[in-house]
Amino acid sequence: MAEIFGIPAAALFGQLLLGFINGAFYATLSLGLAVIFGLLNIINFTHGAQYMMGAFVGWMLLTYLGIGYWPALILAPLIVGAIGMIIERTMISRLYKLDHLYGLLLTFGLALIIEGLFRNGYGVSGLAYAIPPQLSGGVNLGFMFLPLYRGWVVVASLVVCLATWFIIEKTRLGAYLRAATENPTLVQAFGINVPLLVTLTYGFGVALAGFAGVLAAPIYAVNPMMGSNLIIVVFAVVVIGGMGSILGAIVTGFSLGLIEGLTKVFYPEAAATVIFIIMAIVLLVKPAGLFGREA
Amino acid sequence: MHSAAQPAPATTADTLLAVRDLNAWYGESHVLHGMAFDIRAGEVVTLLGRNGAGKTTTLKSIMGVIDKRRGSIRFQGSELVGLASRHIARKGIAWCPEERGIFASLDVRENLMLPPVVAPGGFTLEQIFELFPNLKERLHSQGTKLSGGEQQMLAIGRILRTGARLLLLDEPTEGLAPVIVQQICQMIRRLKSMGFTIILVEQNFHAAATVADRHYIVEQGRVVDEIANEELEASMGKLHRYLGV
């Protein structure tokens, strides 16, 4: 069997793929956090719960309504995003004039409530969600076996991340968003409905989390706690990439997934902590994050 | 000359903006104390006064970007106090803030295109470039990489696109080289000849004198005097007393 640096090639590529998949979730989730933080100045601690809701809404659509994976991939983010917009309008919007800490406490509390409700209703053992038939099975690439669904997760996340980057950096709507991030008062004084822009942005960031949740449903068990396990790592990713940087969130998400995967191959003991070690180093050397603008 | 008690100017048919008994606050601090003045369509009027007199606050109050305001600001007969700034902008009023408000994360073109068109008849990009040729060469530069003068041109150029007919310009010549100041003054005269109505906040009354029809003197949050531009020469002594220069 072929070996690379003394590691069987199949094992190496297998872990790299796993790293890429984790990276895809890190990127999509940290991107949503970055978009929300940029405009709302709120660290959205509900993000993990909203990712979990995406997976659950996908599961519910299938179980209760017979709506399959592909429609759910569109519907679940819309539903979760809409719930997010209601939360923003009714609760978060009251906190913009207060210290950051209040937004953090509110969204953290909401995460606990949402997770509690789902735990109450569905337990913690996890619910199965089948891989859609079109994507079951896999292909042998010669050097490794690629399960189709996992390949799809990477491609779909990458496409969604790049589309988000394009919208924010290259379109007129994105220019409104960037401008409102810098100076909402002036943008409003030009006649643009900034509160609506804020609500839509929050809804969009949350929808990204919901989308990641549906993508995750067939890989990880649909479980009320699936978000809180992931979100801690995602926050580390955001700190490393730099709060509020769009491209930074994407690049950092995918790279850290890969680094984590490589660590699993070469020094498995550190796999769970490597991201936090990198976070600590980045905080020491470049506190604003690798892609962050100095405050 | 009006007394400090400010009899309300008689509103006439061509009054575009009528400000009456305007009070405004930043948090707890009461900045405008019964501001009152009129602007007629097509006029260029300056607000002159010392630092902290309330000139910038007056523009911000008209634009609705201040914590709290009371009194009356009528634009084309409709009341602006109580409206959110985005609705005020949609009525055809555009503001160029003192700090210019050029967005660092937008390039020059995006900065220019940012304010939505609120009424027909705004400048085309070509007309803006004709007025400010510098901008055309810098279209893809980051907005804040421009020189101060170019940033000022960008800040004014982008509100000309919107079709707004009442322009609030807050110290457009501040900190600029004399040749650029001349260029801006020339531009203001040109806009006036095109029928724009302009309220100009200025510290530099020599520049203001070359463009304005009338001057309101602002002191401690109210208008204390009005000087027609023709009387400016004769009123120099008075003006120096007001402005403390």
Side-chain angles (χ1 to χ4, degrees), chain A residues 31 34-41 89 93 96-99 164-201 241-250 288-289 291-295, chain B residues 26-27 56 59-67 80 83-119 122 140 142-144 154-164 166-168 170:
Chain A
L31 181 59
V35 171
I36 291 170
F37 179 77
L39 187 57
L40 282 74
N41 252 324
R89 269 297 82 201
S93 60
Y96 293 140
K97 292 195 170 154
L98 302 176
D99 191 87
T164 303
W165 172 82
F166 183 84
I167 291 170
I168 292 174
E169 297 295 337
K170 300 292 170 198
T171 68
R172 193 177 173 83
L173 183 66
Y176 285 166
L177 195 132
R178 277 175 284 141
T181 298
E182 277 186 54
N183 188 343
T185 308
L186 183 57
V187 171
Q188 171 111 334
F190 284 149
I192 295 166
N193 190 339
V194 173
L196 179 67
L197 192 65
V198 166
T199 305
L200 290 176
T201 302
M243 268 293 187
S245 161
I246 302 302
L247 205 55
I250 301 173
F291 296 86
R293 283 182 287 263
E294 301 287 338
Chain B
Y26 289 112
T56 293
L59 296 192
K60 286 186 172 177
S61 300
I62 297 170
M63 210 60 234
V65 292
I66 191 155
D67 298 346
L80 301 184
L83 284 186
S85 62
R86 66 173 189 274
H87 298 302
I88 294 172
R90 296 277 172 185
K91 288 185 178 293
I93 305 179
W95 173 50
C96 177
E98 186 176 5
E99 67 281 2
R100 297 177 188 134
I102 300 303
F103 297 99
S105 56
L106 274 61
D107 66 21
V108 170
R109 186 186 189 85
E110 287 174 319
N111 266 290
L112 262 182
M113 301 303 286
L114 186 79
V117 171
V118 297
H140 299 290
Q142 187 189 339
T144 44
L154 178 55
I156 296 173
R158 69 180 171 190
I159 61 175
L160 298 179
R161 245 192 77 252
T162 64
L166 174 60
L167 308 180
L168 315 179
D170 198 343

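Throughout, a chain's letter reflects where its sequence line sits, starting with A, and its residues are numbered from 1.
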A:Arg89, CZ: over 12 other non-hydrogen atoms inside 6.0 angstrom: yes

Toward chain A, the part of B:Ile102 with a non-hydrogen atom under 4.5 Å: backbone

Winner by heavy-atom pair count (cut-off under 4.5 Å) against chain A, out of B:Gly143, B:Ala104, B:Ala84: B:Ala104

A:Pro184 versus chain B, the contacting section by heavy-atom distance below 4.5 Å: neither

Flag side-chain contact, heavy atom, 4.5 Å: B:Pro97 against A:Leu186: yes

Of all the heavy-atom pairs spanning [X] and [Y], show the shortest one and how long it is.
X	Y	value
B:Met63	A:Ala189	CE-O, 3.4 Å
A:Ala175	B:Leu114	O-CD1, 3.8 Å
A:Ala179	B:Leu106	N-CD1, 3.8 Å
B:Trp95	A:Phe190	O-CE2, 4.1 Å

In Å and rounded to the nearest 0.5 Å, what is the [atom1] to [atom2] distance from [X] to [Y]?
X	Y	atom1	atom2	answer
A:Tyr176	B:Met113	OH	CE	9.0 Å
B:Ile66	A:Thr185	CD1	OG1	11.5 Å
A:Leu196	B:Arg86	CG	CZ	8.0 Å

Side chain to side chain donor-acceptor pair (under 3.5 Å), paired with B:Glu110, selected from A:Arg172, A:Arg178, A:Lys170: A:Arg178

Main-chain N/O of A:Gly191 paired with B:Arg90 side-chain donor or acceptor, under 3.5 Å: yes

